Participant: 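Take a look at the following structure, please.
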Amino acid sequence: MDTPTKRILIVEDEPDIVRGLRDALEFEGFEAISTGEGRVGVGLARDPGADCVILDLQLPDINGYQVCEEIRAANPLVPIIILTARAQESDKIRGLDAGADDYVTKPFSVGELLARIKAIFRRLQRPPALHDEVLQIGACEIDLKKHTLTRARRSQPLSFYEVELLKLLAERAEQPVSRDEILDKIWGLQAYPSNRTVDNFIVKLRKKMEENHKEPRHILTVYGLGYKLVP
Ligand code: CA
């Protein structure tokens, strides 16, 4: 069965990294397009478009967070992986807030990044376990097809991983799901990011969904294990 070639957009100004990534992606059968400028990257994400974006946060022309926001605004569904040289947790959270789905800290191995990309596409191809297209969680309506969350008549976009995480928790509503299982099922064993990745996504989702994200009523922490969804 032929699947169409996936196009990966690389927005990065360091030629060595771009070359290494392009070679590895093309070797794996992906099409790779690249630019060293954020502005051009926003344009390429629109035309010819991309199935996944790898975005460096430190670009010569415009701030990478802004590039991320603009790509996300134009395309709510495309998975965006940011590259950050900054080790600080707050920068990663800021990147996730700007609409990124995942991050890789420099220096990274090309193999690790490839594993993340493949995990994303594997997830996208997996048949849905949930047949509902809309989840009702508390006062929120989550459209799993359109990737939107509507609360108090305000609709906001959800990223790829946010939707996948909600689907997994909803499939097992009222039961605890461990961080390890979340990492395994959503990010894929080979792509293992840290447990903090899951926690960062939970923080983001709570801010979007909960009345008071510091006292969550729908996405509960199960201490020492993981999380539980209470619709
Ligand atoms: Ca850079």
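When a ligand or atom number is given, it counts from 1 through the structure's own listing order. Not measured: the values here are computed from a predicted model. Throughout, numbering of the chain's residues begins at 1 and tracks the sequence.
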Participant: Would you say E215 has more than 12 foreign heavy atoms packed within less than 6.0 Å of its CD?
Facilitator: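 Not more than 12 within 6.0 Å, no.
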
Participant: Any carboxylate oxygen within less than 4.0 angstrom of a Lys/Arg side-chain nitrogen, looking at E181 and K185?
Facilitator: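 Salt bridge present between E181 and K185.
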
Participant: Suppose we screen for salt bridge (Lys or Arg N to Asp or Glu O under 4.0 Å). Which residues come up paired with K207, at least two apart in sequence or across chains?
Facilitator: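 K207 satisfies salt bridge (Lys or Arg N to Asp or Glu O under 4.0 Å) with no other residue.
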
Participant: Would Y227 and D199 satisfy side chain to side chain donor-acceptor pair (under 3.5 Å), going step by step from the backbone distance to the final call?
Facilitator: CA-CA 9 Å; Y227 296 98; D199 297 339; 2.6 Å; yes

Participant: Hey, are R22 and E26 close enough for a salt bridge, meaning a charged N less than 4.0 Å from a carboxylate O?
Facilitator: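 Salt bridge: yes.
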
Participant: Before accepting this row, confirm whether a basic side-chain N of the pair E162/K204 lies closer than 4.0 Å to the acidic partner's carboxylate O.
Facilitator: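 Salt bridge between E162 and K204, a charged N being under 4.0 Å from a carboxylate O: yes.
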
Participant: Could you tally the protein N/O/S atoms lying less than 3.0 Å away from the Ca ion (ligand 1)?
Facilitator: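 Number of qualifying protein atoms: 3.
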
